[in-house]
Amino acid sequence: MASASRISFWQKLDFLPAIFQIGCETLAAAIWWPLRGEKAPRTFKRHILLTLMRKTFARLSTEQLQFIAGSTELNYIAWTRAQKLPVRSIEISHLNTKAFWIGDDQADTVVLYFHGGGYAMPGSEAHFTLLSQLISSATQLERSVAALVLQYDLAPAEQYPRQITQCVELLRYAITDLQKSPGQILLGGDSAGGTMVFSVLSHILHPHPSITPIKLSTPLRAVFVSSPVVRFGFTAERFRLNEIFEPAPVSTLKEWIANYLGTSGKDGWNEPGQNDVEWWKGLTDVVKEILITIATDEVMADDVQAMANKITTVYPELTLFSSKNDFHAEPGIGFAVGLEESESARLIKSWVVERLL
């Protein structure tokens with residue numbers, strides 16, 4: 001089961017110089033702000049928050065970051081206490097895997113949500129808040145939906161294809177144990193979680209040799225993803241020029257992907273952007289509609305656009321929305337760092353609610 005990382009005494013002691021270094025570098029970025037030109041986040045607050053996140057991810061090790069971030073379960077418990085809500089979960093016992101309810105577990109429709117964080121960071125308050133607001137919007141329109149947030153195991157302690165297996169088995173649980181038809185199920189995710197949504201779709205189309213196949217009687221109701229990581233190269237010039245718009249530096253992205261893949265190579269299930277048009281044939285039998293949101297300036301926008309172009313050749317029910325105001329995976333990050341509701345988050349909520357039973 002995913003859990004908070006343990007670190008050594010020296011790693012704990014290292015937090016003191018790390019805090020000083022991160023603070024100094026963020027202060028320098030604040031001083032530089034008036035000279036930013038056009039290539040910078042649109043507000044001072046966003047500039048500072050993105051800088052602070054990038055410097056933190058760059059300075060601390062994955063083990064230190066996981067120690068601070070805790071686990072999806074601990075963060076969910078803290079969030080439910082703050083909201084004065086009961087703690088409710090399901091367990092897939094043969095995988096020692098949990099998922100956590102948001103909303104009424106007797107709802108007609110269920111969203112299976114895979115959080116982002118580079119396969120290294122747990123689900124956070126922002127993910128729970130986004131889904132809670134989505135459910136509130138649906139309730140106001142008398143539409144019945146709840147969400148299950150998967151606690152998948154984090155890299156490098158567990159590596160590919162373990163995480164995709166957990167995602168697939170949560171879908172199987174929803175169909176067999178919750179007795180939901182595929183038409184009552186939506187898949188959602190942000191960043192790495194969005195990638196795993198496409199990994200699940202790929203597995204349904206082309207069963208992974210290490211994961212039990214899953215067949216659907218009817219298509220899933222819908223899929224919504226924010227800023228999926230669809231290619232792992234990270235070498236295009238855009239990654240250098242647009243890093244200032246990102247919450248994590250490119251060096252950290254490379255480390256997280258390496259930790260996730262381990263000794264496995266890149267393939268059509270873990271890197272969906274590499275697949276050709278033929279791979280996506282049959283998607284109409286898997287899901288009725290897909291929404292992808294990206295930030296116009298994020299480093300991976302071109303990769304997502306290229307994948308979307310290939311998919312729409314054989315699957316016309318895909319909508320790609322690009323926001324000039326958001327940053328990478330902002331719907332899954334923004335609430336946690338005190339930002340106002342993002343343009344992409346508003347669209348996701350309205351788009352999903354419109355597609356509920």
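All values below come from the heavy atoms of this structure, side chains included, with hydrogens, waters and symmetry mates left out.
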Q: Hydrogens and angles aside, do D326 and S344 bring a side-chain donor and acceptor to less than 3.5 Å of each other?
A: yes

Q: Between Q166, Q163, E91, which is the residue that forms a side chain to side chain donor-acceptor pair (under 3.5 Å) with T97?
A: Q166

Q: Would you give the length of the straight line joining atom OG1 of T313 to atom CD of E278, rounded to the nearest 0.5 angstrom?
A: 10.5 Å

Q: Say you draw a straight line from CG of L220 to CD of Q184; how long is it, rounded to the nearest 0.5 Å?
A: 11.5 Å

Q: Answer yes or no: is there a side-chain heavy-atom contact under 4.5 Å between D297 and F327?
A: no

Q: Linking I/L/V/M/F/W/Y whenever any side-chain heavy atoms sit under 4.5 Å apart, do I68 and I333 land together?
A: yes

Q: Enumerate, atom names and distances included, each donor-acceptor pair closer than 3.5 Å involving a side-chain atom of residues 249-262, sequence neighbours excluded.
A:
from : atom 1 : to   : atom 2 : distance (Å)
T252 : OG1    : F57  : O      : 3.4
E255 : OE2    : T62  : OG1    : 3.0
N259 : ND2    : E255 : O      : 3.4

Q: What pair of heavy atoms forms the shortest contact from A329 to S191, and how long is it?
A: CB-CB, 4.0 Å

Q: Less than 4.5 Å apart, side chain to side chain, heavy atoms only: is that true for L150 and H115?
A: no

Q: Answer whether the closest heavy-atom distance between the side chains of R355 and R143 falls below 4.5 Å.
A: no

Q: Write down the atom of A192, the atom of G118, and the distance for their closest heavy-atom approach.
A: CB-N, 3.8 Å

Q: Can we say D14 and R59 salt-bridge, meaning some charged N sits less than 4.0 Å from an Asp/Glu carboxylate O?
A: yes

Q: Any donor-acceptor pair under 3.5 Å linking the side-chain atoms of T284 with those of E317?
A: no

Q: Should L74 and S71 count as side-chain neighbours, where that means a heavy-atom distance under 4.5 Å?
A: yes

Q: Pick one: which of D190, V200, I164 meets side chain to side chain contact (heavy atoms under 4.5 Å, CB included) with F114?
A: V200

Q: Out of R231, E271, R238, which residue meets the side chain to side chain contact (heavy atoms under 4.5 Å, CB included) rule with D303?
A: R231

Q: So if you build clusters from Ile, Leu, Val, Met, Phe, Trp, Tyr with side-chain heavy-atom gaps below 4.5 Å, do L52 and L65 land together?
A: no

Q: Would you find more than 12 non-hydrogen atoms of other residues, nucleotides or ligands less than 6.0 Å from E142 atom CD?
A: no

Q: Is the shortest side-chain heavy-atom distance between H328 and P247 below 4.5 Å?
A: yes

Q: Does the distance from a Lys or Arg side-chain N to an Asp or Glu carboxylate O, for K45 and E340, drop under 4.0 Å?
A: no

Q: Step through it carefully: locate the ring centre of H127, locate the ring centre of F335, and say whether they are under 6.0 Å apart.
A: no

Q: Verify whether the ring centers belonging to H47 and W32 lie closer than 6.0 Å.
A: yes

Q: Hey, are E343 and R346 close enough for a salt bridge, meaning a charged N less than 4.0 Å from a carboxylate O?
A: no

Q: The test is side chain to side chain donor-acceptor pair (under 3.5 Å); show your working for T296 and S322 and say whether it passes.
A: CA-CA 5 Å; T296 304; S322 181; 2.7 Å; yes

Q: Establish whether V87 and L85 are linked, either directly or via other cluster members, by ILVMFWY side-chain heavy-atom contacts under 4.5 Å.
A: yes

Q: Do the charged groups of E354 and K349 touch, with an N to O distance under 4.0 Å?
A: no

Q: So F128 and Y76, would you call those rings parallel, tilted or perpendicular, with 30° and 60° as cut-offs?
A: perpendicular

Q: Counting the benzene-type ring for Trp, do H206 and W279 have ring centres under 6.0 Å apart?
A: yes

Q: Output yes when a side-chain donor or acceptor of D177 lies under 3.5 Å from a complementary backbone atom of A174, and no otherwise.
A: no

Q: Should V277 and I290 be counted in the same cluster of Ile, Leu, Val, Met, Phe, Trp and Tyr side chains packed under 4.5 Å apart?
A: yes

Q: I'd like to know if the side chain of Q11 reaches the main chain of S8, judged simply by a donor and an acceptor atom lying under 3.5 Å from each other, with no hydrogens or angles considered.
A: yes

Q: Using side-chain heavy atoms (C-beta onward) and a distance below 4.5 Å, is F224 in contact with Y113?
A: yes

Q: Heavy-atom distance under 4.5 Å between the side chains of P219 and V286, does that happen here?
A: no

Q: Have K266 and Q274 got a donor and an acceptor in their side chains that come within less than 3.5 Å?
A: no

Q: How close do V223 and V197 get, heavy atom to heavy atom, and via which atoms?
A: CG1-CG1, 3.5 Å

Q: Quick check: do L95 and R162 have side-chain heavy atoms less than 4.5 Å from each other?
A: yes

Q: Starting from L112, can I reach L283 by hopping between I/L/V/M/F/W/Y residues whose side chains sit under 4.5 Å apart?
A: yes

Q: Could you pull out the closest heavy-atom pair between G183 and T218, with the gap in Å?
A: N-OG1, 3.8 Å

Q: Could you tell me whether E246 and R54 make a salt bridge, using a distance below 4.0 angstrom between a side-chain N and a carboxylate O?
A: no

Q: Please determine whether side chain to side chain donor-acceptor pair (under 3.5 Å) holds for the pair E298 and S227, giving the CA-CA distance in whole Å, both sets of side-chain angles, and the decisive distance to 0.1 Å.
A: CA-CA 9 Å; E298 68 173 290; S227 300; 2.7 Å; yes

Q: Looking at E169 and T212, what are the two nearest heavy atoms and their distance?
A: OE2-CB, 4.5 Å

Q: Should the pair D105-R88 be classified as a salt bridge under the 4.0 Å nitrogen-to-oxygen rule?
A: yes

Q: Does a donor on one side chain sit under 3.5 Å from an acceptor on the other, for S89 and W101?
A: no

